[in-house]
Amino acid sequence: MEKSIMVMKFGGATLATPLLMRGVAERIFAAKEEGKDVVVVLSAPGDMTDELIEKAKAITPNPDEREMDMLLATGEQQSIALMAIALKALGCDAISFTGPQVGIVTDDAHSKARIVKMGGEKIHKALHLGKVAIVAGFQGETEEEEITTLGRGGSDLTAVALAAALKSEVCEFYKDVDGVYTANPRVVPDARKLELISYDEMLEMASLGAQVLYHRSVEFAKKNNIVLHVRSSTKPDAGTLITKEVQPMEGYLVTGITHAKDEAKLTILWVPDQPGIAAKIFCALAEADINIDVIVQDISEEGTTNISFTVNKSDLVRAKTILDRLASELGAKGVLADENIGKVSVVGVGMMSHSGVAAKMFSALAERGINIQMISTSEIKISVIVAEDLVEDAVRAIHERFNLSELD
Ligand code: ASP
Ligand code: MG
């Protein structure tokens with residue numbers, strides 16, 4: 001019978017120094033000695049990807065996209081070679097591979113490529129020879145052999161895609177945090193580590209600002225039914241499992257709280273309240289590739305209305321320019337921009353079958369005198385926009401109200 005293959009992914013923070021790398025190598029060796037076939041996926045060490053981006057931007061603010069992928073792919077390549085060196089020094093046979101070498105084929109969308117085909121033959125050969133296979137995360141190549149990258153955090157996606165291709169049931173993520181928490185422990189010191197969370201909850205958390213896993217890796221895992229395990233790179237304890245159906249624990253309405261401070265709010269004032277106006281505004285923004293998050297339209301007064309929405313802070317200037325132009329075209333009164341906002345969200349499959357979550361959340365905010373500027377909801381999530389300097393207060397207030405530190 002074939003041995004089961006274990007995919008172990010290590011994040012950049014766990015590889016930041018030679019000493020940390022040696023520790024990771026020991027962990028990999030230990031798994032190998034338990035008799036497993038081990039495939040390792042690595043991120044670039046420490047903050048290397050950010051540093052490489054900075055270097056290029058110090059030359060020109062708009063570096064060429066193809067060459068950026070050439071540049072960024074070097075970070076992961078350093079990790080894998082160093083890790084193979086570390087493993088061999090321990091007496092564990094290992095071989096490193098770039099994404100292209102193992103046959104990770106992508107489309108040609110530089111800096112955010114999608115995987116279209118996954119090889120694996122080289123990995124099987126290496127495993128067959130008793131080696132640990134170490135694969136560079138985040139990178140692939142097009143059919144034309146152009147190097148691409150999969151988007152920030154993309155090594156997570158490499159790991160899950162490999163787990164699927166190699167038919168392994170679990171993909172282990174080793175990190176400098178030991179799991180997924182009910183809230184960011186830096187903001188809520190008594191946040192609780194979750195044992196289990198569903199793909200859908202994790203997807204909401206990942207896209208709402210919990211920087212635990214790349215959301216595309218969670219989507220991929222959900223589609224292919226691969227269990228994800230987020231755990232500490234230095235401690236042996238189990239972390240958080242991310243799986244299909246998770247029965248919400250009795251009485252648990254909310255699983256976790258996330259927050260993000262990377263959005264900004266725009267308001268276009270006194271636009272005509274007529275069919276086609278919103279379409280015009282949001283088509284113009286879509287054409288400029290600007291993603292919109294929360295949208296609110298006021299009730300109409302004397303035939304006009306205000307439309308507010310949020311965008312990523314990095315898109316604010318471009319979005320404002322477009323709105324200013326539209327404002328004069330549509331005869332609107334003006335455009336307001338506010339960078340000092342943040343988003344706080346509660347997530348939980350439990351709220352599908354229970355009412356009162358919003359009431360509880362909003363009253364926790366009211367008691368602290370925190371004003372809600374915008375609200376948006378989905379089946380398993382409620383988000384509010386509040387002033388940026390109140391975000392952490394809001395997270396703590398809501399965490400306390402839902403009693404998330406305690407297990408019953
Ligand atoms: N090194 C890349 C990044 O920092 C990919 C990854 O770490 O997942 O985004
Ligand atoms: Mg990462």
Side-chain angles (χ1 to χ4, degrees), residues 7-17 20-21 24 28 39-57 63 65-84 96-102 104 106-107 109-115 118 133-141 147-165 171-177 180 202-203 205-207 209-221 226 228-233 239 242 260 262 312 314:
V7 177
M8 306 173 82
K9 191 263 169 179
F10 291 85
T14 73
L15 304 166
T17 66
L20 284 170
M21 284 219 183
V24 167
I28 295 168
V39 175
V40 175
V41 176
L42 300 181
S43 283
D47 295 325
M48 186 175 284
T49 308
D50 287 323
E51 288 158 13
L52 291 171
I53 292 172
E54 260 170 49
K55 254 188 198 168
K57 294 211 162 160
E65 284 200 317
R66 175 192 187 273
E67 303 307 332
M68 279 310 282
D69 278 355
M70 291 291 280
L71 178 67
L72 296 192
T74 63
E76 271 68 15
Q77 206 171 322
Q78 292 194 26
S79 291
I80 55 166
L82 288 168
M83 191 52 63
S96 68
F97 298 115
T98 64
Q101 278 179 319
V102 293
I104 300 176
T106 73
D107 65 13
H110 282 293
S111 85
K112 47 180 173 300
R114 294 202 160 260
I115 297 174
M118 198 75 199
I134 308 168
V135 181
F138 182 50
Q139 52 177 262
E141 73 177 358
I147 288 181
T148 51
T149 63
L150 307 175
R152 295 307 304 273
S155 298
D156 293 347
L157 181 58
T158 306
V160 178
L162 271 175
C171 187
E172 309 261 346
F173 290 85
Y174 296 85
K175 302 183 70 77
D176 61 339
V177 294
V180 182
M202 193 63 229
L203 274 170
M205 309 258 291
S207 60
Q211 317 247 296
V212 182
L213 286 176
Y214 184 31
H215 68 97
R216 278 169 63 188
S217 71
V218 184
E219 280 163 15
F220 200 102
I226 291 167
L228 308 179
H229 185 189
V230 174
R231 60 195 303 186
S232 159
S233 67
I242 300 144
D262 58 354
N312 202 286
S314 61

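Ligands are counted one by one from 1 in listed order, and the atoms in each one are counted from 1 as well.
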Any Gly137 heavy atom less than 4.0 Å from ligand 1: no
Heteroatom proximity flag, Gly153 to ligand 1, N/O under 3.5 Å: yes
Sub-4.0 Å heavy-atom contact, Met48 with ligand 1: no
Contacting atoms of ligand 1, where contact means under 4.0 angstrom from a heavy atom of Arg152: 3 (C), 4 (O), 9 (O)
Which of the ligand 1 atoms, numbered from 1, are nearer than 4.0 Å to a heavy atom of Ser43: 6 (C), 7 (O), 8 (O)
Minimum side-chain heavy-atom gap Phe138-Leu72 below 4.5 Å: yes
N or O pair under 3.5 Å between Asp156 and ligand 1: no
Sub-4.0 Å heavy-atom contact, Gly12 with ligand 1: no
Polar contact flag, side-chain donor to acceptor under 3.5 angstrom, Thr149-Asp69: yes
Close-contact set for ligand 1 against Glu76 heavy atoms, below 4.0 Å: 1 (N), 2 (C), 5 (C), 6 (C), 7 (O)
Any donor-acceptor N/O pair, Asp156 side chain to Ser217 backbone, under 3.5 Å: no
Under 3.5 Å donor-acceptor, Asp107 side chain and Ala113 backbone: no
Side chain proximity check, Tyr174 to Arg231, heavy atoms < 4.5 angstrom: yes
Check: Thr49 N/O within less than 3.5 Å of ligand 1 N/O: yes
Partner set under salt bridge (charged side-chain N to carboxylate O under 4.0 Å, His left out) for Arg216, not counting sequence neighbours: none
Interatomic distance, Leu82 atom CG to Leu15 atom CG [nearest 0.5 angstrom]: 9.5 Å
